[in-house]
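Below: the structure, in structure tokens.
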Amino acid sequence: MWNNWKPAALLGAVSSLLLTTNADHTSTIKWSNCSSTAAPRLECGSLDVPINWNEPNGSQTTIGFQRLKALNATARIGPLFFNPGGPGGIASAFITATAQGDPILGEKLNEYFDLIGPDPRGIGISTPILCDPDLWNKRVPAFPKTESEWQELVAYNEELGKSCRNLTGLLFEHVDTLSVAKDFEAVRVALGGEKLNFLGLSYGTQLGATYAELYPQNIRAMVLDGNMDHSQSETSTLVAESSTYETVLNRFAEWCTRNSTCALYERDVLQIFDDLVATATKTPISAPACKVSGACRSNVTGDDIRINAQTYLLFEEANAAFGLPGWTALGTALNDSLNGNASMLSTALATDETDRNFPGRAVSCLDWTHGTKSLSELLYKEQLGKTVSPHTQGATQTWGIQTNCIGWPAPVQYPPRYYDENIKNAPPILMVNALYDPSTSIVWANGALGQIPSATLLVRSGNGHTSYLLFGEATSAMQDYLITLERPAPNSIVNS
Ligand SMILES: *[C@@H]1O[C@H](CO)[C@@H](O)[C@H](O)[C@H]1NC(C)=O
Ligand SMILES: *[C@@H]1O[C@H](CO)[C@@H](O)[C@H](O)[C@H]1NC(C)=O
Ligand SMILES: *[C@@H]1O[C@H](CO)[C@@H](O)[C@H](O)[C@H]1NC(C)=O
Ligand SMILES: *[C@@H]1O[C@H](CO)[C@@H](O)[C@H](O)[C@H]1NC(C)=O
Ligand SMILES: *[C@@H]1O[C@H](CO)[C@@H](O)[C@H](O)[C@H]1NC(C)=O
Ligand SMILES: *[C@@H]1O[C@H](CO)[C@@H](O)[C@H](O)[C@H]1NC(C)=O
Ligand SMILES: *[C@@H]1O[C@H](CO)[C@@H](O)[C@H](O)[C@H]1NC(C)=O
Ligand SMILES: *[C@@H]1O[C@H](CO)[C@@H](O)[C@H](O)[C@H]1NC(C)=O
């Protein structure tokens, strides 16, 4: 399986398959006014593309996107494609918000660029991935300890995946990032063929870099913020994310000792965290607010706490654009849990077939290998997670992918490997990463940097997942580069 674990130049067969870019596909955009009086400038477009790019005359799927034309026609540079990450994040929602008077990507970019939010295939206003919400909501062991728990997990994955396959159709097997990059190229061409400007956050960096290895000559500017490294083995990927989550939990605990905003001010947060996990593992802690709303599980296990706390660390301050709570909320969530109310750490439940968590699972299972074949192999991984990250114990988005995709009824389409050497033809790219990102580790940023010769990495010396939406010095550098193509010098560090 890991024969792709070598420089791309040695991968003759894979490379030529990859570089089948299917440039002959042509289709026309259908435009509408999005039927919204609240957002008069907003335009909605859709483009049909092949479900399977290797069968261009086969069944089609629809890519939906939104556009906000550049405000200053004289200063206009071209189209700027945006991706917020996930996988599963809805780009079009960011464009809608901007059109409705909440410029969540900042005011500056829309002066110069047509903002384009294409929802990757399977997501948002594109033809969606659908799954059975009742199957999704079934509680199964996230960290199996016994053979029967292992069997339960694998059977669950398979049954859930089959429900998605049934409800979605063939698209279910083709929402991998390679296909998405080809869709983006089709949209770029259909919009008139101007060079691509791209701003990708988190998973959006994997999408951007994949586009860059396929179509390097079609790029004007590309920002990759909060980086993934698609070349890593399962073990390395798990260790990098577990370690960086653990590091940021430690920084949160230290912050609580000196900032009275934290509900656990001056207390031993790591000890409290461990005790809560142990208590909830014995008897799940009640989540009364979830019992009332039905939007989340009625109680919270130790696994749930380790898994769900990561989301609270993504942004130090609450982030409205992503709807994320921030560090103060984690202090409150832990304090409340100590007092028997774990509502804030409960796992959300899906309510219908279009739940926004479904597409992310489908994309992840096609983009990353998940080769664990037995309980025994999984137990080694659990042991590894506990060793490198004693408090969070390996609970990460990566763990979710590596366990929830076992038994998934669709083959991996875009397995990890080094970027093809064609990427060396890309123009200067700007990468950005925080040193203490609880999700996309600085380890991944360094790994990706080594594969993209034209990239420079701007380091933000702080906490948090991605930097663009913080609107600090890193954001200014990204905006300046997108507009002028001037980048910060190599090894530059900013504090915000
Ligand atoms: C959108 O609205 C504008 C202004 O009313 C109109 O000129 C244009 O034809 C409409 N476009 C579509 C695709 O309906
Ligand atoms: C797709 O259809 C076009 C037009 O009918 C044809 O020229 C082309 O060879 C077909 N391509 C494939 C891969 O079947
Ligand atoms: C539009 O851009 C041009 C060229 O950069 C500039 O001279 C002009 O002041 C801008 N107009 C507005 C309204 O900002
Ligand atoms: C999927 O569809 C097949 C055939 O219609 C059916 O037998 C099966 O029960 C369905 N599976 C799920 C999980 O929905
Ligand atoms: C305490 O944390 C809050 C929330 O993150 C932050 O706004 C504030 O600046 C911090 N205060 C100090 C003294 O660090
Ligand atoms: C922590 O929980 C206790 C008990 O419910 C409560 O009295 C206290 O106000 C909470 N502290 C903060 C800062 O929220
Ligand atoms: C926790 O919730 C599950 C349903 O998700 C339920 O089966 C179980 O009995 C609950 N446990 C406790 C201790 O409330
Ligand atoms: C439990 O916590 C939630 C979330 O903070 C809150 O909305 C709810 O009122 C609390 N419920 C009880 C019974 O304390």
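Since the structure is predicted, the reported quantities are computational estimates derived from the model, not experimental observations. Order of appearance sets the numbers: ligands from 1, and atoms from 1 within every ligand. Residue numbers start at 1 and run along the sequence shown.
- Taking atom 11 (N) of ligand 5 as the reference point, the nearest protein heavy-atom neighbour is Asn259 ND2, 2.7 Å.
- For Phe113 and Phe81, the ring centers sit 6.0 Å or farther from each other.
- Polar contact check, Arg258 against ligand 5: no nitrogen or oxygen pair lies under 3.5 Å apart.
- A salt bridge is defined here as a Lys NZ or Arg NE, NH1 or NH2 lying under 4.0 Å from an Asp or Glu carboxylate O, and Arg460 with Glu473 fails to meet this definition.
- Annotation for ligand 5: atoms under 4.0 Å from non-hydrogen atoms of Trp255 are 1 (C), 2 (O), 4 (C), 5 (O).
- Between Trp327 and Phe252, the angle of the ring planes goes over 60°, which puts this pair in the perpendicular group of the 30/60° scheme.
- Among all non-hydrogen protein atoms, the one lying nearest atom 7 (O) of ligand 5 is Glu317 OE2, 3.3 Å.
- Asn72 ND2, 4.8 Å is the protein heavy atom nearest to atom 9 (O) of ligand 3.
- If you run side chain to side chain donor-acceptor pair (under 3.5 Å) between Gln271 and each of Asp275, Asp274, Asp268, only Asp275 comes through.
- In this structure, His230 and Tyr414 have side chains that are in contact, with non-hydrogen atoms separated by less than 4.5 Å.
- Checking Ser286 against Asn299 by side-chain atom types alone, no donor-acceptor pair falls below 3.5 Å.
- Against a heavy-atom cut-off of under 4.0 Å, Thr261 is close to the following atoms of ligand 5: 1 (C), 2 (O), 3 (C).
- Here's the thing with Thr328: none of its N/O atoms is less than 3.5 angstrom from an N/O atom of ligand 5.
- At the top of the distance list for atom 5 (O) of ligand 3, counting protein heavy atoms only, stands Ala75 CB, 3.8 Å.
- Ion pairing between a basic and an acidic side chain is recognised when a charged N comes within 4.0 Å of a carboxylate O; Glu185 and Lys182 show no such pairing.
- Within the 4.0 Å cut-off (strictly below), a protein heavy atom is located near atom 2 (O) of ligand 5.
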